[in-house]
**Student:** 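This structure is in structure tokens; I'll ask about it shortly.
Within every chain, numbering begins at 1; the chains are lettered A, B, ... in the order of the sequence lines, protein sequences first and strands thereafter. Being a predicted model, the structure only gives us computed values, none of them experimental.
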Amino acid sequence: MLLVPDASEQEIAATAAAFLAAEFPLARLHGARADHDRLGEFAALGWLGLSAPEANGGSGLGVIEEMLFFYELGRVAGPVGVLAQVLAIAAAGDERELCAALIAGETPVALVVQRSEEAGIRFVGAADRGYALEVTPAGATLFAVRGGDCTEVPCLDRSVRMHTGPASALEQRLHVAGDRLWYRAQVAVSAMLVGTAECAQDMTVAYAKVRETFGRPIGAYQAVRHPCADMAMRIEGARCQLYYAATALQEQQADARLHVDAARLLADRAAKANTDANIQLHGGIGVTEEFDAHLLLKRANLLWRLFGASQHRMRTLLGLDDAAEGLAHGEDA
Amino acid sequence: MDLHYSAEDDAFRAQARGWLRDNIPRERRPAHGEAAAQFDRDWQRRLFEHGWAGLNWPAEYGGLGLSAIQQVIWYEECARAGAPHYINTTYVALMHAGPTIIACGTPAQKTFHLPRILAGESLWCQGFSEPNAGSDLASLKTAGVIDGDELVVNGSKTWTTDGQHADFQELLIRTEPGSARHKGLTWVICDMRAPGITVQPIRTMLGDAHVNTTFYDDVRIPLANVVGEPGGGWKTAMSTLAFERGTGFIGDQLALYERVNRAIALAGRTRLADGRLAIDDSDIAGRLALIKADTLAIKAMTFAQISEIRQGGNPGPKGSIMKLMVTSTAKALSHLVAEIVGWEFMEYNDDRNDHPLTYDYLWSWVYTIAGGTSEIQREIIADQLLQLPRSR
């Protein structure tokens with residue numbers, strides 16, 4: 001029983017953190033289309049294939065390492081396309097050629113966030129080339145995108161592109177049945193959410209140490225200190241549960257789904273509340289375009305909408321859902 | 001990271017589960033009074049006779065010297081079996097006074113007190129807070145003056161939990177006249193039967209009188225009862241407070257998990273005023289799910305904390321995050337349950353056994369105030385974890 005990262009896990013997290021801090025400072029997000037076409041940088045360092053089997057050209061690491069990487073990615077509000085790419089690689093499984101192209105970052109993947117025959121489709125990511133991935137509790141589907149049929153729409157999070165189109169714009173390429181990818185996606189997006197929450201906390205705490213009002217740093221006022229302590233509490237709970245959930249999923253523990261659903265619920269809460277408090281505690285500067293705080297709020301709004309289904313999670317946690325009992329050992333692993 | 005228990009830990013769990021199944025008392029713990037204290041002494045005696053006393057005490061002092069993970073296993077099994085709650089009239093003796101004497105006591109103090117505590121023969125209470133020194137403990141004024149080989153103590157202490165049952169008290173007093181704050185304090189063992197001590201019960205909004213104000217009128221305490229250095233009482237006291245905020249509440253942290261599962265079951269069979277099952281109400285279900293997630297997180301935080309301790313770390317301010325999270329989650333849970341149960345909740349007759357759900361609800365404020373209020377915990381987090389500028 002060990003629920004803190006061991007030496008090799010710490011090293012992976014530290015390596016990711018160093019790369020991301022150097023190449024993806026938050027300031028970049030003030031530029032237009034900040035993160036477009038930067039997949040290659042992740043591919044070059046092997047991050048995209050982190051958890052793909054070695055036989056398929058990956059590094060063969062597990063859910064825990066993947067979680068630690070996405071946590072660090074969340075801390076810099078890193079490219080969401082990386083999440084789509086890593087999940088698509090997992091969906092591609094043993095299709096060697098496809099897997100290799102995805103790991104190399106040559107074929108970008110968008111995330112399908114809405115799809116119905118009547119209302120059509122919506123996806124986050126580029127439309128002009130490559131694939132789009134849909135992940136649901138029932139299974140994961142990789143589609144080829146007919147970009148010409150789609151329309152780009154604005155997105156509150158300016159660092160991502162968003163498209164809508166008719167359902168016919170997607171052509172199924174492969175389908176993986178079962179909820180294996182759904183739960184991996186939940187761990188990854190939860191990690192990004194907690195990372196975002198931590199970034200918001202760090203921003204507030206740094207400002208509270210230097211900004212003075214009435215002759216004192218605002219961090220000396222309990223009206224500021226106590227919300228900061230609450231931010232830390234939300235992160236600690238969400239982070240420990242995330243560690244537990246990732247480890248339970250890695251080990252295919254019988255109650256892994258329950259733990260992942262709990263982690264996601266707490267990650268949503270931490271990201272929503274901390275990105276909110278970050279703006280509020282900054283005062284006026286917090287609502288300006290030039291300052292970073294709104295970027296985290298907008299990113300949190302994107303992330304907590306991904307792989308939604310809060311009803312499903314609630315039923316799992318309350319034991320109302322038979323599907324929650326027992327992560328099938330090797331069901332589709 | 002891994003979630004595997006060793007074969008040794010699995011064997012320990014099986015042993016604990018088997019023993020608890022065969023040995024937990026069949027009768028209910030009386031709600032309060034001397035009968036409750038006697039129930040606690042008897043249960044401690046039973047644990048002692050069967051080799052389960054002093055889980056976290058080193059073996060050389062008669063304890064089991066269990067690893068943190070085995071302590072977790074023990075408390076999980078206690079919660080699962082419905083064993084008597086360990087936070088009872090023996091708590092201060094086993095979790096505060098004993099560990100403090102082990103850390104700072106003289107050989108004579110160890111020889112006399114430790115076996116009696118383990119066997120449930122002596123109950124202890126705490127004498128730290130005063131009417132004007134609660135959250136600001138260092139402003140305490142109760143004074144001891146040296147007279148020959150004794151200290152003569154005058155003043156008062158308050159929130160003395162179970163003081164009416166206690167044989168001894170861990171008493172923190174000012175022994176250097178004119179000293180201020182953390183300096184000049186001394187930690188002494190006070191015999192609660194010494195002449196000059198008056199214990200006055202404080203009735204609480206729970207309808208009981210588990211706390212007291214204790215008055216000291218020329219109470220004579222031998223200097224041989226000083227634990228740690230004279231004048232070094234703050235240091236001695238911190239050895240127990242740090243302990244309480246570290247691992248002292250592991251059992252409570254884990255018991256919350258069973259409580260939330262019982263609340264989910266309750267919501268599954270209780271009808272609201274409009275005839276629907278409580279669990280079918282989306283607001284209630286949503287809040288229950290979040291509370292369940294919080295209790296799972298508290299369990300995960302417990303494992304993370306003991307992992308850090310095992311790697312040589314100190315939980316430090318993380319203990320304050322734990323206290324804040326456990327007590328606020330327990331509060332949210334007992335308040336939600338109050339909304340689920342309807343009018344039955346109102347029939348409270350001051351007996352916690354008859355109306356445990358109302359009692360838990362009323363207790364929730366004791367929980368977020370005692371042992372350092374939630375506000376004090378936030379101050380500790382702001383100072384020590386976030387390193388924010390001091391507010392005072």
**Student:** If the contact rule is any heavy atom under 4.5 Å from chain B, which residues of residues 203-210 of chain A qualify, in numerical order?
**Tutor:**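 Listed by number: A:V205, A:A208, A:K209.
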
**Student:** Hey, are the side chains of A:L266 and B:L290 touching, using non-hydrogen atoms and a 4.5 Å cut-off?
**Tutor:**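 Yes, at least one pair of side-chain atoms sits under 4.5 Å.
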
**Student:** Would you please name every residue forming a salt bridge (charged side-chain N to carboxylate O under 4.0 Å, His left out) with B:R287, sequence neighbours left out?
**Tutor:** B:D283, B:E339

**Student:** If we define contacts as heavy-atom pairs under 4.5 Å, which of A:Q311, A:R269, A:R239 has the most with chain B?
**Tutor:** A:R269

**Student:** Taking all non-hydrogen atoms of both residues into account, name the closest pair between A:C240 and B:A304 and its distance.
**Tutor:**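 Between these two residues, the closest heavy atoms are SG-CB, 3.7 Å.
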
**Student:** For residues 226-237 of chain A, give me every residue with a non-hydrogen atom less than 4.5 Å from any non-hydrogen atom of chain B.
**Tutor:**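 Counting heavy atoms that sit under 4.5 Å from chain B, the residues of residues 226-237 of chain A involved are A:H226, A:C228, A:A229, A:D230, A:A232, A:M233, A:E236, A:G237.
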
**Student:** State, yes or no, whether a side-chain contact exists between B:L3 and A:Y244 at a heavy-atom distance under 4.5 Å.
**Tutor:** yes

**Student:** If we only count heavy atoms from C-beta on, is the B:M1 to A:V4 side-chain gap below 4.5 Å?
**Tutor:** no

**Student:** Where does B:I298 contact chain A at under 4.5 Å (heavy atoms): side chain, backbone, both or neither?
**Tutor:**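 For B:I298, there is no contact with chain A at all, as no heavy atom is under 4.5 Å.
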
**Student:** Identify the residues of residues 61-75 of chain A whose heavy atoms come closer than 4.5 Å to a heavy atom of chain B, ordered by number, or report 'none'.
**Tutor:**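 A:I64, A:M67, listed by number.
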
**Student:** Step through the shown structure and confirm whether more than 12 heavy atoms of other residues, nucleotides or ligands are within 6.0 Å of CD on A:Q280.
**Tutor:** no

**Student:** Counting only non-hydrogen atoms closer than 4.5 Å, does B:L288 touch chain A with its backbone (N, CA, C, O), its side chain (CB onward), both, or neither?
**Tutor:** both

**Student:** Is the number of heavy atoms from other residues, nucleotides or ligands under 6.0 Å of B:Q384 CD greater than 12?
**Tutor:**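 Result for CD/B:Q384: enclosed.
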
**Student:** With a 4.5 angstrom heavy-atom cut-off, could you sort out which part of B:E379 is near chain A: side chain, backbone, both or neither?
**Tutor:**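 The answer is both parts of B:E379.
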
**Student:** For atom CG of B:N132, is the number of surrounding heavy atoms from other residues, nucleotides or ligands below 6.0 Å larger than 12?
**Tutor:**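 No.
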
**Student:** Side chain, backbone, both or neither: which part of A:R264 has a heavy atom under 4.5 Å from chain B?
**Tutor:** neither

**Student:** In terms of heavy-atom pairs under 4.5 Å with chain A, which of B:S282, B:A289, B:S6 leads?
**Tutor:** B:A289

**Student:** Against chain B, label A:Q201 side chain, backbone, both or neither, depending on which of its atoms sit under 4.5 Å from a heavy atom there.
**Tutor:** side chain

**Student:** Check B:R310 against A:L2 and note the closest heavy-atom contact, atom names and distance.
**Tutor:** NH2-CD1, 3.5 Å

**Student:** B:L296 and side chain to side chain contact (heavy atoms under 4.5 Å, CB included): which partner among A:D255, A:L258, A:D261, A:L265?
**Tutor:**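 Of the listed options, the one satisfying the test is A:L258.
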
**Student:** So do the side chains of B:D383 and A:R225 get within less than 4.5 Å of each other, counting heavy atoms only?
**Tutor:**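 Heavy-atom side-chain distance check passes, below 4.5 Å.
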
**Student:** For A:R313, which atoms come within 4.5 Å of any heavy atom of chain B: side chain, backbone, both, or neither?
**Tutor:**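 Looking at A:R313, nothing touches chain B.
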
**Student:** Under 4.5 Å heavy-atom distance to chain A, tell me which part of B:I264 shows up: side chain, backbone, both or neither.
**Tutor:**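 When you check distances to chain A, only side chain atoms of B:I264 fall under 4.5 Å.
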
**Student:** Would you compute the distance between atom NZ of B:K299 and atom CG of A:L3 and round it to the nearest 0.5 angstrom?
**Tutor:** 12.5 Å

**Student:** Using non-hydrogen atoms only, which part of B:N261 is less than 4.5 Å away from chain A: side chain, backbone, both, or neither?
**Tutor:** neither

**Student:** If we define contacts as heavy-atom pairs under 4.5 Å, which of B:T302, B:V260, B:D294, B:D9 has the most with chain A?
**Tutor:**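 Most heavy-atom pairs within the cutoff with chain A belong to B:D294.
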
**Student:** So which part of B:I381 gets closer than 4.5 Å to some heavy atom of chain A, the side chain, the backbone, both or neither?
**Tutor:** side chain

**Student:** Counting heavy-atom pairs under 4.5 Å to chain B, which of A:A263, A:A220, A:A262 comes out on top?
**Tutor:**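 Heavy-atom pair counts peak at A:A220.
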
